[in-house]
Amino acid sequence: MSKPIWECRSIKEAAMRPEFYRFLSVGLRDLLFNAYKMANVTYPSLVTFPPDSDKNKEGYPSLGATSLPEQVLEGQPFPEKSLPDDDMVEVTNHKFGEIIAISDELIEDDQTRMIMRLPTDLGNAHAKQEDKTVYSIINGNATGYDSQAWFGLNHPGFTGGAAISVNDNLYTNVTLSANAVATVLGMIAGWTGHASDDILDVTATDLVVPENLRYTARLLTESDALGLAYAAGNLGPAASIGIGKNVLKEKNLGVVSSPRLDRTSTTDWYVKTDFPGFLFQWRKRLVWMEENENSGVRFERGVRRWRTETRWRAKVVNWRCMFKVS
């Protein structure tokens, strides 16, 4: 079995072989995809991946027809319920990509490290672009389908509906503590759908925190016991009065941390739920395409070129996917 080009005695020597161009392309492709898979990103834990899109734009219901069935008396027609058109959230795919160009001089001068670095850096950059986009949406707190900020108070059940007081996904003026987590879990449990009596049974799955709160979050979710306190709730951050069982551990909450959250605040933290409201829609996953070896660019400029391309979009289609605490 042939060794990768960079394991040969000399890349310049390998370039004299007729199969060199094919070996070079395969080697660079492997470096790109390995770097992409090994990149240190956490966004997949925060989003829902629907089936890959097969067109430029997709529409998703923000909530769905979740209202409860109504009583039907004898002889009465069954009521019809349909999703309001305004609740369909459109997600348009965006395209990302770059070209790798390796000159004949790099090959002739045996610049193996530089040649290896190009696809490695690009594979890592593709993954970091996805990660950065997801966290920038969280930090940006953009306006959602219901014409309110993603993290806010009194969200309506659907677009154009009346405000519902229990539909809050923002809790302020508290620190990361067991009492704050317990309060948020209770608020999430009370969220409703189209009407105030449509309890959705949404469940929290993870604490999402900046790096400086990572170990605090792990203590709250993994410790067998926690210090009890008074003045800010039984588990709040106040004077200690003893040790008690950590009932939060029974929730099996995970911890997702990222330094990208630090860019906005060192104190804000979030709770992710099992509601599929933050979508990462794939149209075209990472692909690697090589230019024809005998193309005009190869002849005119003495460079070999490869292109990477992806198409995707990350977008919030329902505020119930996360809760913000600050």
Quiz item: So, are Lys245 and Asp224 salt-bridged, with charged N and O less than 4.0 Å apart?
Solution: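 Answer for the salt bridge query: no.
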Quiz item: Any salt bridge between Asp52 and Arg283, counting N to O under 4.0 Å?
Solution: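 Salt bridge absent between Asp52 and Arg283.
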Quiz item: So Ile137 and Lys315, side-chain contact (heavy atoms from CB on, under 4.5 Å) or not? Walk me through it.
Solution: CA-CA 8 Å; Ile137 293 173; Lys315 188 171 183 177; 5.7 Å; no
Is the shortest side-chain heavy-atom distance between [X] and [Y] below 4.5 Å?
{"X": "Leu200", "Y": "Arg320", "answer": "yes"}
{"X": "Ser223", "Y": "Lys249", "answer": "no"}
{"X": "Phe323", "Y": "Tyr270", "answer": "no"}
{"X": "Pro156", "Y": "Gln148", "answer": "yes"}
{"X": "Trp150", "Y": "Cys321", "answer": "yes"}
{"X": "Arg305", "Y": "Ile100", "answer": "no"}
{"X": "Thr92", "Y": "Asn56", "answer": "yes"}

Common cluster, [X]/[Y], ILVMFWY with side-chain heavy-atom separation under 4.5 Å:
{"X": "Val287", "Y": "Leu31", "result": "no"}
{"X": "Ile164", "Y": "Leu170", "result": "no"}
{"X": "Leu219", "Y": "Leu185", "result": "no"}
{"X": "Phe49", "Y": "Val134", "result": "yes"}

Quick one: list whatever passes salt bridge (Lys or Arg N to Asp or Glu O under 4.0 Å) with [X], sequence neighbours left out.
{"X": "Asp54", "answer": "none"}
{"X": "Asp131", "answer": "Arg260"}
{"X": "Glu58", "answer": "Lys55"}
{"X": "Lys284", "answer": "Glu309"}

First locate atom [atom1] of [X], then atom [atom2] of [Y], and finally report the distance between them rounded to the nearest 0.5 Å.
{"X": "Leu213", "Y": "Thr267", "atom1": "CG", "atom2": "OG1", "answer": "7.5 Å"}
{"X": "Ser53", "Y": "Asn93", "atom1": "OG", "atom2": "CG", "answer": "4.5 Å"}
{"X": "Lys128", "Y": "Tyr36", "atom1": "NZ", "atom2": "OH", "answer": "13.0 Å"}
{"X": "Met322", "Y": "Lys272", "atom1": "CE", "atom2": "NZ", "answer": "8.5 Å"}
{"X": "Ile138", "Y": "Lys324", "atom1": "CD1", "atom2": "NZ", "answer": "10.5 Å"}
{"X": "Leu220", "Y": "Arg218", "atom1": "CG", "atom2": "CZ", "answer": "12.0 Å"}

Quiz item: Should the heavy atoms of other residues, nucleotides or ligands under 6.0 Å from OH of Tyr215 be counted, would the total exceed 12?
Solution: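 Check fails, neighbour count at 12 or below.
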Quiz item: Is the number of heavy atoms from other residues, nucleotides or ligands within 6.0 Å of CE (Met289) greater than 12?
Solution: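 Buried by this count: over 12 neighbours within 6.0 Å.
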Practice problem: Decide yes or no on side-chain contact (heavy atoms from CB on, under 4.5 Å) for Thr183 and Tyr171, but give the supporting numbers first. | Solution: CA-CA 9 Å; Thr183 300; Tyr171 185 35; 3.8 Å; yes
Heavy-atom closest contact ([X] atom, [Y] atom, distance):
{"X": "Ala204", "Y": "Val271", "answer": "CB-CG1, 3.6 Å"}
{"X": "Leu226", "Y": "Ala178", "answer": "CD1-CB, 3.8 Å"}
{"X": "Thr133", "Y": "Ala314", "answer": "CG2-CB, 4.4 Å"}
{"X": "Ser326", "Y": "Asp268", "answer": "CB-OD1, 2.9 Å"}
{"X": "Pro276", "Y": "Val317", "answer": "O-CG2, 4.2 Å"}
{"X": "Gly190", "Y": "Ile199", "answer": "O-CD1, 4.1 Å"}

State which residues pass side-chain hydrogen bond (donor to acceptor under 3.5 Å, both in side chains) with [X]; sequence neighbours excluded, sorted by chain then number.
{"X": "Thr42", "value": "Tyr135"}
{"X": "Asp121", "value": "Arg117"}
{"X": "Gln71", "value": "none"}
{"X": "Tyr43", "value": "Glu130"}

Are side-chain N/O atoms of [X] and [Y] paired as donor and acceptor at under 3.5 Å?
{"X": "Gln281", "Y": "Tyr60", "result": "yes"}
{"X": "Thr308", "Y": "Glu98", "result": "no"}
{"X": "Asp168", "Y": "His155", "result": "no"}

List for me each residue that meets side chain to side chain contact (heavy atoms under 4.5 Å, CB included) alongside [X], sequence neighbours excluded, and say none if there are none.
{"X": "Phe96", "result": "His94, Gln129, Thr310, Trp312"}
{"X": "Thr273", "result": "Ile188, Trp191, Val202, Phe275"}
{"X": "Ala217", "result": "Leu176, Leu207, Val209, Val255"}
{"X": "Thr143", "result": "none"}

Practice problem: Apply the test side-chain contact (heavy atoms from CB on, under 4.5 Å) to residues Val208 and Leu46: give CA-CA distance (whole Å), side-chain angles for both, the deciding distance (0.1 Å), then the verdict. | Solution: CA-CA 9 Å; Val208 183; Leu46 305 180; 3.6 Å; yes
Self-check item: Verdict with reasoning, Trp288 to Leu28, per side-chain contact (heavy atoms from CB on, under 4.5 Å)
Solution: CA-CA 10 Å; Trp288 168 267; Leu28 297 180; 3.7 Å; yes
Quiz prompt | Side-chain (Asp206) to main-chain (Leu253) donor-acceptor, under 3.5 angstrom | solution =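 No; zero donor-acceptor contacts below 3.5 Å.
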Quiz item: Can you tell me if Asn34 uses its side chain to pair, donor with acceptor, with the backbone of Asp30 under 3.5 Å?
Solution: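 Yes; judged by distance alone, with no hydrogens or angles, the pair exists.
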Exercise. Test Leu122 against every option in Leu32, Leu286, Ile99 by the side chain to side chain contact (heavy atoms under 4.5 Å, CB included) rule and name the one that passes.
Key: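 So the option named by the test is Leu32.
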